[in-house]
Amino acid sequence: MRMIENIVVHCTATQPDATIESIKNYWKKSLGWDNPGYHYIIKRNGDIVRLFPEEKPSNGVKGHNQSAIHISYIGGIDKNGKPSDNRTDAQKHSMFNKLVALSEKYPHARILGHRDLSPDKNGDGIIEPSEWVKHCPNFDVKEWLRNYTADLHQAA
Ligand SMILES: [Zn+2]
């Protein structure tokens, strides 16, 4: 079994209507990857599709794949081609539940966004926006998890 240190959240960095087939084609034909970019992909309707077994590393973040599980929502780019957190409510709901399940399975793993694995160039221990290699997944994962849980408690 691999040692999982990071559960990494991504966006596909596509328009929301991109299909899983087109994304897989891009990895294979344009990037020449044998393995998919993520283990799980979340469709607009909230369905979670497993692309790859967790036992094997996928191609989410170069240099971090051996110890990571990658999970992505379809979307992340708006009509003007700009990065945007355009997750549907169904995607948020599925993402939250999947992250809870994964954190139970890998209790020592951190949950973070792709951009949080950018190099800490000035060495202050904080990955600042100016240091982000990518915007992916276009939201603050820790902050979102905290608030999402709080909202659930309020609604209950
Ligand atoms: Zn990413």
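For clarity, every value in this text was computed on a predicted model and none was experimentally measured.
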Taking Ile126's backbone N and O only, do any of them form a donor-acceptor pair with Asp124's side chain (distance below 3.5 Å, no angle check)?
yes

Could you give the distance from OG (Ser94) to CZ (Arg87), rounded to the nearest 0.5 Å?
11.5 Å

Determine, step by step, whether His93 and Tyr148 satisfy the side-chain contact (heavy atoms from CB on, under 4.5 Å) criterion, reporting the C-alpha distance in whole Å, the side-chain angles of both residues, the deciding distance to 0.1 Å, and the verdict.
CA-CA 9 Å; His93 183 80; Tyr148 199 82; 3.7 Å; yes

Non-hydrogen side-chain atoms of Glu5 and His108 separated by less than 4.5 Å
no

So CG of Asn97 and CG of Leu102: to nearest 0.5 Å the spacing works out to 11.0 Å

Asn6 side-chain N/O to Ala68 backbone N/O, donor-acceptor pair under 3.5 Å
no

Side chain to side chain, Arg44 and Asn86, heavy atoms closer than 4.5 Å:
yes

No-hydrogen, no-angle side-chain donor-acceptor test under 3.5 Å, Asn65 and His70:
yes

When clusters are formed by joining ILVMFWY residues with side-chain heavy atoms under 4.5 Å apart, either directly or through shared neighbours, do Phe139 and Val100 land in the same one?
yes

Is there side-chain contact between Met3 and Ser67, with heavy atoms separated by less than 4.5 Å?
no

If every non-hydrogen atom of Gly113 is compared with every non-hydrogen atom of Pro137, which pair is closest and at what distance?
CA-CD, 3.7 Å

Would you sort out whether Ile77 and Thr14 count as a side-chain contact (heavy atoms from CB on, under 4.5 Å), showing the intermediate values?
CA-CA 5 Å; Ile77 299 288; Thr14 60; 5.6 Å; no

Side-chain heavy-atom pair Ile69, Tyr106 within 4.5 angstrom cut-off
yes

Should Ser103 and Ile111 count as side-chain neighbours, where that means a heavy-atom distance under 4.5 Å?
yes

Nearest heavy-atom contact between Ser58 and Pro36 is CB-O, 3.2 Å

Nearest-0.5 Å distance that lies between atom CG in Asp34 and atom CG in Asn59:
8.5 Å

First locate atom CG of Asn25, then atom NZ of Lys29, and finally report the distance between them rounded to the nearest 0.5 Å.
4.0 Å

Taking Asp85 for its side chain and Asn138 for its backbone only, find out whether a donor-acceptor pair lies under 3.5 Å.
no

Closest approach of Cys11 to Gly75 (non-hydrogen atoms, all atoms of both residues):
CB-O, 3.6 Å

Leu99 side chain reached by Val9 side chain, heavy atoms, under 4.5 Å:
yes

Drop me the distance from Ile41's CD1 to Asp47's CG, to the nearest 0.5 angstrom.
12.0 Å

Give me the one residue out of Thr19, Ile42, Ile20 that meets side chain to side chain contact (heavy atoms under 4.5 Å, CB included) with Ile74.
Ile20

Is it the case that atom NZ in Lys43 sees more than 12 heavy atoms from other parts of the structure closer than 6.0 Å?
no

Looking at Tyr26, I want to see if its OH is surrounded by more than 12 non-hydrogen atoms of other residues, nucleotides or ligands under 6.0 Å.
no

Which heavy atom of Lys134 sits nearest a heavy atom of Arg115, and at what distance?
O-CB, 3.2 Å

Provide the closest heavy-atom pair for His39 versus Arg2 in the form atom of the first, atom of the second, distance.
NE2-NH2, 3.4 Å

Should Tyr38 and Ile71 count as side-chain neighbours, where that means a heavy-atom distance under 4.5 Å?
no

For the pair Lys92 and Tyr73, evaluate side-chain contact (heavy atoms from CB on, under 4.5 Å) and give the outcome as yes or no after the intermediate values.
CA-CA 9 Å; Lys92 288 179 185 173; Tyr73 67 94; over 6 Å; no

Mind checking whether Phe96 and Trp144 have parallel, tilted or perpendicular rings, split at 30° and 60°?
perpendicular

What is the distance from atom NZ of Lys28 to atom CG of Asn35, rounded to the nearest 0.5 Å?
8.5 Å

For Thr12 and His10: C-alpha separation, side-chain torsions, deciding distance, then whether side-chain contact (heavy atoms from CB on, under 4.5 Å) applies.
CA-CA 6 Å; Thr12 55; His10 296 263; over 6 Å; no

Of all heavy-atom pairs between Val61 and His114, which one has the smallest distance, and what is that distance?
CG2-CD2, 3.5 Å

In Ile7, Ile4, Leu117, Val141, the residue satisfying side chain to side chain contact (heavy atoms under 4.5 Å, CB included) with Arg110 is Leu117

